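Bear in mind the structure is a predicted one, so any value in this text is a computation, not a measurement. We count residues from 1, following the sequence as given.
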Amino acid sequence: MGLSYLPYMSSCLSNTSNAGNTNHHQSHVNTQQNFSSFLMPTLRAPVNKRSLSKDSAEYRLRRERNNVAVRKSRDKARRRIMLTQQRAGQLQEENQRLQSRIGQLTQELDSLKHILSQRHLQGAEGGAAGEAGI
């Protein structure tokens, strides 16, 4: 969105007569035209565009250059897609390895918890038997 206001010109600040108001109004119109051309793009025909015959050497040269540029751009896009697919495959493999590692660590944690709870129960039973003998 452009500016919603226009800066005051020095002529805007003087409020002398009706003729001055006409000049004042005209200066605003000129300022608005200057700003609107600055803020709004204009649609104009290309400056140095001339029609070329399809048989001309310059036309053939431009077409060939364009064809090379198009091939280069498409090759670059294919390479980018291929690299993205390779990276996605690598990330999927890494994800599978990490999921497997999580499973291993979860099993290890469960077994250690079980061992710890068994020892805790054995210690509690041994402590209860020791108190009964006293």
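In terms of the side chain to side chain contact (heavy atoms under 4.5 Å, CB included) criterion, residue partners of S100 (sequence neighbours excluded) are, by chain and number, Q104. For N67, the side-chain hydrogen bond (donor to acceptor under 3.5 Å, both in side chains) partners are R63, not counting sequence neighbours.
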Distance-only criterion, 3.5 Å: show the donor-acceptor pairs between side-chain atoms of residues 68-93 and protein atoms not counting sequence neighbours.
| residue | atom | partner | partner atom | Å |
| --- | --- | --- | --- | --- |
| D75 | OD1 | R78 | NH1 | 2.7 |
| T84 | OG1 | R80 | O | 2.8 |

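Annotation: the span from R65 atom CZ to L61 atom CG amounts to 4.0 Å, rounded to 0.5 Å. With rounding to the nearest 0.5 angstrom, the CD1 atom of I115 is 11.0 Å from the CG atom of D110.
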